[in-house]
Each structure stands twice: as C-alpha cells, then as structure tokens.
Amino acid sequence: MCLFCKISNHKIPSNTVLENDEFIAFHDINPKAPVHILVIPKTHVESFNDVDSNIMAKMTLFIHEVVNEMNLKDSGYRVITNVGDDGGQEVKHLHFHILGGAKLAWTHLSDTDPKVFL
Ligand code: 5GP
Ligand code: ZN
C-alpha cells in the first residue's frame, strides 16, 4: 500500500482539513506556502495520466470545498499536480497541491532563462 493510501485509510496520521467517502485533504508535511494542502482520491490512482473524468469532476467540487474551508477563494491560490519524473512527482498517488495564504512567487515564462524550467 502506498504512502497516500495509508493516509487515506488512516493507517498513518495526517492533519486532515476535509474528508468525504471519496477524497481527503490534509496539510503537507513540508509546506511551501503559509497554506499548503494536498488533495487526494481515496482510491489509488498513480497520476493525472490515469485519472478518469468522472473522478476529476468530483475532485473539482471537493477542491472548491477545501478552498472555501481555508478561506482562499477571494485572496487566490494555486493548484498544481506534478506528473512523473520530469514533473517532479515524488509520491506516486495522484495529489493536487493547493498553495496560498501569501502572494506566491511566479516568474513570467517569457522572463525565464530558457535553460531553467519552472
Ligand atoms: P510531489 O513532489 O509528489 O508532487 O509531492 C509530494 C508531497 O507530499 C510533498 O510536498 C511532500 O512534502 C508531501 N509529503 C510526503 N510525505 C508526506 C507525509 O507523510 N505526510 C504529509 N502530510 N505530506 C507528505
Ligand atoms: Zn496509493
């Protein structure tokens, strides 16, 4: 069983923000912003490559609930999912990072060194 399956099964503890039968949202153990939440489906899906549109539709509604719960809707936030090695995915169970609580750094793509990729 993978790390995030263990979290969704409550076999290892997490600081849970919101949960229903299909999804769970919890604080990232190594936050990269004042608010850094991870949202996962309880069923094991390896990455965004493998998710079906039915789960994604419900996940979208769940992410909206998390955003409301954390009071991020008006101030703004970022949603990220890393896919595979080039995307920097460390945990091979689909998860969406929700980052907010401060103005997040973002270098405009046209300003970046073409050898350094965001
Ligand atoms: P990835 O790099 O796969 O997109 O993101 C994995 C995220 O999971 C990282 O931000 C990392 O800090 C977080 N993480 C790894 N292990 C744990 C854990 O045991 N508990 C929690 N809450 N977050 C974790
Ligand atoms: Zn899993």
Side-chain angles (χ1 to χ4, degrees):
M1 190 183 282
C2 90
L3 176 67
F4 284 178
C5 280
K6 285 180 187 156
I7 285 179
S8 68
N9 284 305
H10 302 284
K11 290 192 190 306
I12 60 172
S14 72
N15 191 352
T16 306
V17 170
L18 212 62
E19 181 174 8
N20 65 21
D21 287 347
E22 292 175 287
F23 306 102
I24 182 167
F26 52 94
H27 289 272
D28 195 292
I29 206 167
N30 182 20
K32 301 291 193 301
V35 178
H36 187 170
I37 310 295
L38 299 173
V39 175
I40 65 171
K42 289 188 171 180
T43 50
H44 183 85
V45 174
E46 184 166 319
S47 81
F48 190 71
N49 279 338
D50 308 299
V51 72
D52 74 52
S53 56
N54 183 41
I55 293 180
M56 268 318 297
K58 290 188 272 185
M59 179 109 79
T60 302
L61 294 173
F62 188 74
I63 288 172
H64 286 169
E65 283 181 42
V66 173
V67 164
N68 285 332
E69 176 74 19
M70 300 307 294
N71 276 316
L72 295 173
K73 187 173 180 180
D74 294 333
S75 50
Y77 56 94
R78 190 169 291 158
V79 181
I80 297 172
T81 188
N82 296 323
V83 182
D85 290 342
D86 282 359
Q89 182 181 6
E90 285 175 8
V91 179
K92 303 292 195 261
H93 179 130
L94 174 67
H95 51 282
F96 286 82
H97 299 257
I98 301 175
L99 298 147
K103 187 130 184 99
L104 303 170
W106 179 255
T107 308
H108 193 278
L109 290 176
S110 61
D111 295 335
T112 55
D113 178 337
K115 292 193 185 58
V116 179
F117 300 105
L118 293 176

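In each ligand, atom 1 is the first atom listed, and ligand 1 is the first ligand listed. Since this is a predicted model, take the numbers as computed values, not measurements. We number each residue from 1, following the sequence as shown.
Ring planes of His93 and His44: perpendicular class, angle over 60° (limits at 30 and 60°).
Not one N or O of Phe26 is nearer than 3.5 Å to an N or O of ligand 1, by distance alone. Geometrically, ligand 1 and His36 share no nitrogen or oxygen pair separated by less than 3.5 Å. Polar contact with ligand 1: present for His97 (N/O pair, distance under 3.5 Å). Annotation: Val91 places an N or O atom under 3.5 Å from an N or O atom of ligand 1; distance criterion only. For ligand 1, the polar-atom distance check against His95 finds a nitrogen or oxygen pair separated by under 3.5 Å. For a threshold of 3.5 Å applied to N or O pairs, the pair formed by Ile12 and ligand 1 contains no separation below that value. Considering backbone and side-chain atoms alike, His27 places an N or O below 3.5 Å from some N or O of ligand 1.
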Before giving the answer on side chain to side chain contact (heavy atoms under 4.5 Å, CB included), spell out for Leu94 and Met59 the whole-Å C-alpha distance, their side-chain angles and the decisive distance to 0.1 Å. CA-CA 11 Å; Leu94 174 67; Met59 179 109 79; 3.6 Å; yes
Derivation and outcome, side chain to side chain contact (heavy atoms under 4.5 Å, CB included), residues Phe23 and Val66: CA-CA 11 Å; Phe23 306 102; Val66 173; over 6 Å; no
With side chain to side chain contact (heavy atoms under 4.5 Å, CB included) as the criterion, how do Ile98 and Met70 come out once you've worked through the C-alpha distance, each side chain's angles and the decisive distance to 0.1 Å? CA-CA 10 Å; Ile98 301 175; Met70 300 307 294; over 6 Å; no
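The atom of His44 that is an N, O or S and sits closest to the Zn ion (ligand 2) is ND1. The atom of His93 nearest to the Zn ion (ligand 2) is ND1, with the search restricted to N, O or S atoms.
Side chain of Thr81 to main chain of His95: a donor-acceptor pair is present (N/O by atom type, distance under 3.5 Å, no hydrogens or angles). Side chain of Lys73 to backbone of His64: no donor-acceptor contact under 3.5 angstrom is found. Judged by distance alone, with hydrogens and angles left aside, the side-chain atoms of Asp52 form a donor-acceptor pair with the main-chain N or O of Asn54 at under 3.5 Å.
Scanning the protein heavy atoms around atom 9 (C) of ligand 1, the nearest turns out to be Asp28 OD2, 3.3 Å. Remark: minimum distance from atom 2 (O) of ligand 1 to any protein heavy atom is reached at Gly88 O, 3.2 Å.
The local environment of CG in Asn49 is crowded, with over 12 non-hydrogen atoms from other residues, nucleotides or ligands closer than 6.0 Å.
With ligand atoms numbered from 1 in the order given, ligand 1 contributes 16 (N), 17 (C), 19 (O) to contacts under 4.0 Å with heavy atoms of Leu3. Ligand 1 places these atoms under 4.0 Å from at least one heavy atom of Phe4: 8 (O). Atoms of ligand 1 lying under 4.0 Å from any heavy atom of Glu90, numbered from 1 in the order shown and given with element: 1 (P), 2 (O), 3 (O). Each of the atoms 12 (O) of ligand 1 lies under 4.0 Å from some heavy atom of Asn30.
The heavy atom nearest to atom 21 (C) of ligand 1, considering only Ile80, Leu38, Ile29, is found in Ile29.
By the 4.5 Å heavy-atom criterion applied to side chains, Asp21 and Lys42 are not counted as neighbours. Within the 4.5 Å cutoff, the side chain of Ile55 has no heavy atoms near those of the Glu22 side chain.
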